[in-house]
Amino acid sequence: MDISFSYEVSWDDYIDSQLTYDRNSNSVKANIKKTRIGLISFYIFLILILYHAVNGIGRIAVVLGLLLIGAVHISLVRKLLEIRVKRVSKKLIRETKSDKIIGKKKLKIKDEELLYVEKEKNTKVKVKDVKRILESGKNYYIYLDEVSAIILPKNLEGETDAQKEMIEYIKERMGGSPDERAV
């Protein structure tokens, strides 16, 4: 396969890559589970304390209120994490004012190798060394290691079939089991 794409990566693409990584990360999933268990414990403890502190109809109102607040809080843990990731990513972007992540990029595949051309550097990697591929609604993410990914936007005009073909080509040739490879 010999194909190349020239495109531009925006800050929104970078933030989307962070969110997509978190949605597919086993460690993030484990942290969300631990957070939910901790919140359940917290709300049960709070209900037990306030149950004895309040009498009569106030007791029922407090318990029902805490149950409702706790249920909503626990169910929104993932969404709250995503809001935090967006906020922290935007803060890092403002503080660093780095244009290394964003800007014009070129991705080329030829002779079983990927060549990723950026402003500051070029990265060359064998297709079989790609760790995994993730996909969001806006982008493909080709991971070269556990956290570093090449962002390939899906919305390149007229090139979506070629992009899909490239992604399938990489998936077929990369190392690891199918579970490790892709979403």
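Within the 4.5 Å cutoff, side-chain heavy atoms of Ile151 are placed close to those of Tyr141. Counting only heavy atoms from C-beta outward, the side chains of Ile142 and Ile167 approach each other to under 4.5 Å. By the 4.5 Å heavy-atom criterion applied to side chains, Ile170 and Leu114 are counted as neighbours. Taking 4.5 Å as the limit, some side-chain heavy atom of Val117 sits within range of a side-chain heavy atom of Leu115. Side-chain contact between Ile109 and Tyr169 is present, with at least one heavy-atom pair separated by less than 4.5 Å. Annotation: side chain of Gln163 is in contact with side chain of Leu152 (closest heavy-atom distance under 4.5 Å). Looking at Ile150 and Leu144, their side chains come closer than 4.5 Å, going by heavy atoms from C-beta outward. Taking 4.5 Å as the limit, every side-chain heavy atom of Glu168 sits out of range of all side-chain heavy atoms of Glu165.
Ile3 and Val125 fall within a single hydrophobic cluster, where Ile, Leu, Val, Met, Phe, Trp and Tyr side chains are chained together by heavy-atom contacts under 4.5 Å. Linking Ile, Leu, Val, Met, Phe, Trp and Tyr whenever their side-chain heavy atoms come within less than 4.5 Å puts Ile69 and Tyr51 in one cluster. With hydrophobic clusters built from ILVMFWY side chains whose heavy atoms lie under 4.5 angstrom apart, Tyr43 does not share a cluster with Leu76. Transitive grouping of hydrophobic side chains (ILVMFWY, heavy atoms separated by less than 4.5 Å) keeps Phe42 and Ile37 in distinct clusters. Hydrophobic clustering places Ile40 together with Leu50 (ILVMFWY residues linked when any side-chain heavy atoms are closer than 4.5 Å, directly or through intermediates).
Other residues, nucleotides and ligands contribute at most 12 non-hydrogen atoms within 6.0 Å of the CD1 atom of Ile57.
Without hydrogens or angle criteria, Ser89 side chain to Val85 main chain gives a donor-acceptor distance under 3.5 Å. Proximity of a side-chain donor or acceptor of Lys90 to a complementary backbone N or O of Ile15 within less than 3.5 Å is not detected. At least one donor-acceptor pair under 3.5 Å links the side chain of Asp13 to the backbone N or O of Ser10. Side-chain atoms of Ser17 come within 3.5 Å of backbone atoms of Tyr14 as a donor-acceptor pair (strictly under, hydrogens ignored). In this structure, the side chain of Ser148 does not engage the main chain of Asp145 through any donor-acceptor pair within 3.5 Å. A side-chain donor-acceptor contact under 3.5 Å links Asn24 to the backbone of Thr20. Remark: side-chain polar atoms of Arg132 are not paired, donor with acceptor, to backbone N or O of Tyr143 under 3.5 angstrom.
Atom CG of Leu19 and atom NZ of Lys138 lie 9.5 Å apart (nearest 0.5 Å). Distance check, rounded to the nearest 0.5 Å: NZ of Lys105 to OG of Ser6 gives 12.5 Å. Leu46 contributes atom CG, which lies 10.5 Å from atom CG of Leu67 (distance to the nearest 0.5 angstrom).
Using a 4.0 Å cut-off between charged side-chain N and carboxylate O, Lys154 and Glu135 make a salt bridge.
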> Can Tyr140 and Met166 be said to form a side chain to side chain contact (heavy atoms under 4.5 Å, CB included), step by step?
Replying inline: CA-CA 11 Å; Tyr140 293 106; Met166 176 190 257; over 6 Å; no
> Would Glu112 and Arg173 count as a salt bridge (Lys or Arg N to Asp or Glu O under 4.0 Å) if you check the C-alpha gap in whole Å, the side-chain angles of each, and the deciding distance to 0.1 Å?
Replying inline: CA-CA 8 Å; Glu112 299 292 320; Arg173 286 161 177 75; 3.3 Å; yes
>> Between Lys128 and Glu113, is the side chain to side chain contact (heavy atoms under 4.5 Å, CB included) condition met? List the steps.
In response: CA-CA 8 Å; Lys128 68 179 178 124; Glu113 287 187 327; over 6 Å; no
> Stepwise, does the side chain to side chain contact (heavy atoms under 4.5 Å, CB included) test hold for Val62 with Leu66?
Replying inline: CA-CA 6 Å; Val62 166; Leu66 285 173; 4.0 Å; yes
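Listed by chain and residue number, nothing satisfies the salt bridge (charged side-chain N to carboxylate O under 4.0 Å, His left out) test with Glu8 (two or more places apart in sequence, or in another chain). Residues satisfying the side-chain contact (heavy atoms from CB on, under 4.5 Å) criterion with Asn55, sequence neighbours excluded, are Arg59.
Counting only residues at least two apart or on different chains, the salt bridge (charged side-chain N to carboxylate O under 4.0 Å, His left out) pairs with a member in residues 20-35 are Arg23-Glu82.
Figure legend: Lys108 and Tyr116 shown without cation-pi pairing, the cationic atom not lying both under 6.0 angstrom from the six-membered ring centre and within 45 degrees of its axis.
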